[in-house]
Amino acid sequence: MASIMAKHVTHCLCIIIASFCLIVTASDPDILSDFIVPENTNASALDGSFFTFTGMRGIFRSPAPPNVKGTQASMVEFPALNGQSVSMAVLQFAPGGINPPHTRPHATGLLFVVEGSLEVGFVDTSNKLYTQTLQAGDMFIFPKSLIHYQYNADASKTAMAIAAFGSANGESVSIPATMFEDGIDDGILAKALKTDVATIQKIKAGLAPKA
Ligand SMILES: *[C@@H]1O[C@H](CO)[C@@H](O)[C@H](O)[C@H]1NC(C)=O
């Protein structure tokens, strides 16, 4: 009897610990202070400016970029976000602009289209693709760390979206850049993609910045 009870208790404990781990890893680590004061900063000299980010002033009037431009406000640009589990970015798309497949290993992304329209999609871990055409006013969620993209299919209109991230670290990892611009051997890439080295080199040449 006692051993059955002990088994039950152990089982429950395991479930509680497992759930706790899931909760903890679903967002940035919780902090034990109101906010994190950067090193070498006099905490008593902090004022409202520390909690203010002005780096996007004028962004809604700025001209369309050549393809796509992302302006990030994560903890690198805005140190007060450290420990607060949120960050943002503004994405501006030229007509036909594409934000190639990428992941954000640390952050769920909530995309809010404020101008134009966007074709978006992500692929889950069972390789299922989810796509949508978004209009201004629509939101779409990219689950944390899954590969996703956005494309402005309109050849004449610009598009703009605001992305909110569930982490102070909204860092993205571009799939084309990671695969073809970080020095992985051409022969390895050719084998992995079941093609030849010439094709890999052609892809690399297409991705290289134009002089
Ligand atoms: C920290 O800031 C407070 C308030 O501005 C000031 O009185 C104090 O002298 C500063 N301390 C140091 C070590 O700079």
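- Taking CD of Glu171 as the start and OG1 of Thr103 as the end, the distance is 9.5 Å to the nearest 0.5 Å.
- Considering every non-hydrogen atom in both Ala73 and Ser87, the closest pair reads O-CB, 3.3 Å.
- Minimum interatomic distance between Val197 and Ala190 (heavy atoms only, all atoms of both residues): N-CB, 3.8 Å.
- Inter-residue side-chain proximity for Met179 and Ile203 is flagged as unmet; no heavy-atom pair is nearer than 4.5 Å.
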Would you check, one step at a time, whether the test side chain to side chain contact (heavy atoms under 4.5 Å, CB included) holds for Gln150 with Leu134?
CA-CA 10 Å; Gln150 299 104 17; Leu134 304 174; over 6 Å; no
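- His102 places none of its side-chain heavy atoms less than 4.5 Å from the side chain of Phe142.
- In this view, Asp124 satisfies the salt bridge (charged side-chain N to carboxylate O under 4.0 Å, His left out) rule with no residue, not counting sequence neighbours.
- Residues Gly170 and Ser74 approach most closely at N-CB, 3.9 Å, considering heavy atoms.
- Residues satisfying the side-chain contact (heavy atoms from CB on, under 4.5 Å) test with Asn82, not counting sequence neighbours, are Ile36, Met75.
- Contact annotation: the side chain of Ile98 never approaches that of Val68 to less than 4.5 Å [non-hydrogen atoms, C-beta and beyond].
- Put simply, Phe112 and Tyr149 are part of two different groups of oily side chains (I, L, V, M, F, W, Y) that touch within less than 4.5 Å, one to the next.
- In this structure, the side chains of Val90 and Met160 come closer than 4.5 Å at one or more pairs of heavy atoms.
- Between Leu91 and Leu111 there is a side-chain heavy-atom pair separated by less than 4.5 Å.
- The line from OG1 of Thr133 to CG of Asp138 is 9.5 Å long, rounded to the nearest 0.5 Å.
- Ring geometry for Phe122 versus Tyr130: interplanar angle under 30°, hence parallel rather than tilted (30 to 60°).
- Applying the ring pair (Phe, Tyr, Trp, His ring centres under 6.0 Å) test to Phe50 and every residue at least two apart in sequence or in another chain returns nothing.
- Applying the side-chain contact (heavy atoms from CB on, under 4.5 Å) criterion to Lys191, with sequence neighbours excluded, gives no partner residue.
- Residue-environment remark: NZ (Lys157) stays at or below the threshold of 12 foreign heavy atoms within 6.0 Å.
- Considering every non-hydrogen atom in both Val113 and Gln135, the closest pair reads CB-O, 3.7 Å.
- Placement of Ile141 and Leu118 in two distinct hydrophobic clusters is found when ILVMFWY residues are connected by side-chain heavy-atom separations under 4.5 Å, directly or transitively.
- The shortest non-hydrogen separation linking Pro79 to Pro38 is CB-CG, 4.4 Å.
- Proximity of Pro143 to Thr108: side-chain heavy atoms (C-beta onward) are nowhere separated by under 4.5 Å.
- Applying the salt bridge (charged side-chain N to carboxylate O under 4.0 Å, His left out) rule to pairs touching residues 99-123 yields nothing, sequence neighbours excluded.
- Annotation: side chain of Ile200 is in contact with side chain of Leu193 (closest heavy-atom distance under 4.5 Å).
- Residues in residues 68-85 take part in no salt bridge (charged side-chain N to carboxylate O under 4.0 Å, His left out) pair, two or more places apart or across chains.
- To the nearest 0.5 Å, atom OG1 of residue Thr52 and atom CG of residue Asp47 are 8.0 Å apart.
- Minimum heavy-atom separation, Leu81 to Ala168: O-CB, 3.3 Å.
- The environment of CD in Glu181 is crowded: more than 12 heavy-atom neighbours from other residues, nucleotides or ligands sit within 6.0 Å.
- Residues Phe165 and Gln72 are in side-chain contact: their nearest non-hydrogen atoms beyond the backbone lie under 4.5 Å apart.
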